[in-house]
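Below: one structure, written as structure tokens.
So you know, we letter chains A, B, ... as the sequences are listed, proteins then strands, and number each from 1. Bear in mind that the values here come from a model prediction, so they are computed numbers and not experimental data.
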Number of protein chains: 2
Amino acid sequence: MPALRSDAARSRARILDVARRHEPGALRFNDLAREAGVGVGTVYRHFPTTHALVEALTLDTLERLRVLVRAALAETDAGRAVADLLRAALDLQLEEGGLQPVLLAAEDESDEVREAKQEILGGFEQILVRARAAGVVRPDLSTAQVEHLVCGMEHAVRLGASSDREPYLQILLAGLRPA
Amino acid sequence: MPALRSDAARSRARILDVARRHEPGALRFNDLAREAGVGVGTVYRHFPTTHALVEALTLDTLERLRVLVRAALAETDAGRAVADLLRAALDLQLEEGGLQPVLLAAEDESDEVREAKQEILGGFEQILVRARAAGVVRPDLSTAQVEHLVCGMEHAVRLGASSDREPYLQILLAGLRPA
DNA sequence: GCTCAAACGGATAGTTCATCCGAATTGCTC
DNA sequence: GAGCAATTCGGATGAACTATCCGTTTGAGC
């Protein structure tokens, strides 16, 4: 990918900046263009689909999650590694509404996202393998199912008036332990 | 509310019939009208908003849930009552995608829905009160939070390829028990 | 079978979406 | 710093969809 021309970089940054001030689910390209002071065509050129824009908006958060996965992999207590990682992932997903769709998407538009996701999901798998082996997480539960549970918890937290995720997280963690 | 004229009843039934064959989230009124062989205006007259249509589509399922709540209230084992009801509610929500939005909506368009919801939510509250008193459900958890958890589980199950809700349900039930 | 309130249908105005292409800008070379 | 090719810009544009309005039709009661 060749370096961006200076005007293109400026447009891209403006669009992302404006997009960050909108609800993640209600990104209307025409509005973004007007507010960013660029043409609609410019927005569509930089981000052919809404998902491409969401990926770009989410990239920072995804990198933070990647770092947290590495930290969890360095943790020797398998149970603590799972608890820390799930809490962190849930927090990030709550903070950045676009994260869940990006994590769940089967296809990624950007290579950076694909690489980050690969490390994140691989590390997560590894942490769960250890946790199952240590007997701190039910063995009859796939990695994908645990991911889905975190997404479900995000959904549950968002339904509440207060966004206190802790009770929900505790229920998830208690539920994950073997009977 | 006066009885429906015969042609109106026919139109309404046709629209509901067609709507049932569509994805709950993608109900486009113009399409429904064409497929049902009525004018768009007719659709909008019967169902001023998408939510009104979803309520109408959901009413049967809501009645089934009401019956299940009554059954759970008759159950003497508080823990079993909770488990049975949550499983049933989750199944119904998975079966009828419109149920979650209807249950969560603060305002209801139809009186029948309002009444059914009132009994359902009241009964659910009662069952949880008993369960907390019996020490089979964590006391630090509001009824609303448990409702949100069920909705979160629905979300989690839908994310999976297989729609086997049982593992998710087991995790929820295990998590709900006091530590 | 007459009346009239109720229901019907679809034309239409108002939005939003996404593309296309002539104009303008940029960075490179000399 | 002038010329040039490549890239990007911007918004006009048409397609798709929403929701309303009103002249016409239908059905129920007398």
Neighbour count above 12 (heavy atom, 6.0 Å) for A:R80 CZ: no
So, OP1 or OP2 of C:dA7: does either fall under 4.0 Å of a side-chain N or O from B:H46? no
Could you give the CG-to-C1' distance, from B:L4 to C:dA5, as a whole number of Å? 14 Å
Below 4.0 angstrom, which residues in residues 27-42 of chain A have at least one non-hydrogen atom near DNA chain D? A:G37, A:V38, A:G39, A:V40, A:G41, A:T42
Working to the nearest 0.5 Å, report the span between CG of B:L68 and CG of B:L73. 11.0 Å
Would one find a side-chain N or O of B:S11 under 4.0 angstrom from OP1 or OP2 of C:dA7? no
Do A:Q93 and A:H155 have side-chain atoms, one donor and one acceptor, less than 3.5 Å apart? no
Look at the side chain of A:S6 and decide which nucleotide, out of C:dC8, D:dG10, C:dG27, has an atom nearest to it. C:dG27
Base, sugar-phosphate or nothing for A:R12? Non-hydrogen atoms, less than 4.0 Å. nothing
Taking only the side-chain nitrogens and oxygens of A:Y44, find out if one of them lies under 4.0 Å from OP1 or OP2 of C:dT19. no
Using only heavy-atom distances, determine whether the side chains of A:E35 and A:H22 contain a donor-acceptor pair under 3.5 Å. yes
Tell me: CG of A:D7 to P of D:dA6, nearest whole Å? 17 Å
Can you tell me if CD on A:E95 sees more than 12 non-hydrogen neighbours from other groups inside 6.0 Å? yes
Where the side chain of A:R158 meets the backbone of A:L94, is there a donor-acceptor pair that is under 3.5 Å apart? yes
In whole Å, I'd like the distance from the CG atom of A:L53 to the P atom of C:dA18. 12 Å
Under 6.0 Å from the CD atom of A:E166, do we count more than 12 heavy atoms belonging to anything else shown? yes
Between B:P48 and A:R10, which residue's closest nucleotide on DNA chain D lies nearer the 5′ terminus? A:R10
Rounded to whole Å, CZ of B:R45 lies from C1' of D:dC22 at a distance of 11 Å
Does the D:dT7 base have a donor-acceptor partner in the side chain of A:R5 within less than 3.5 Å? yes
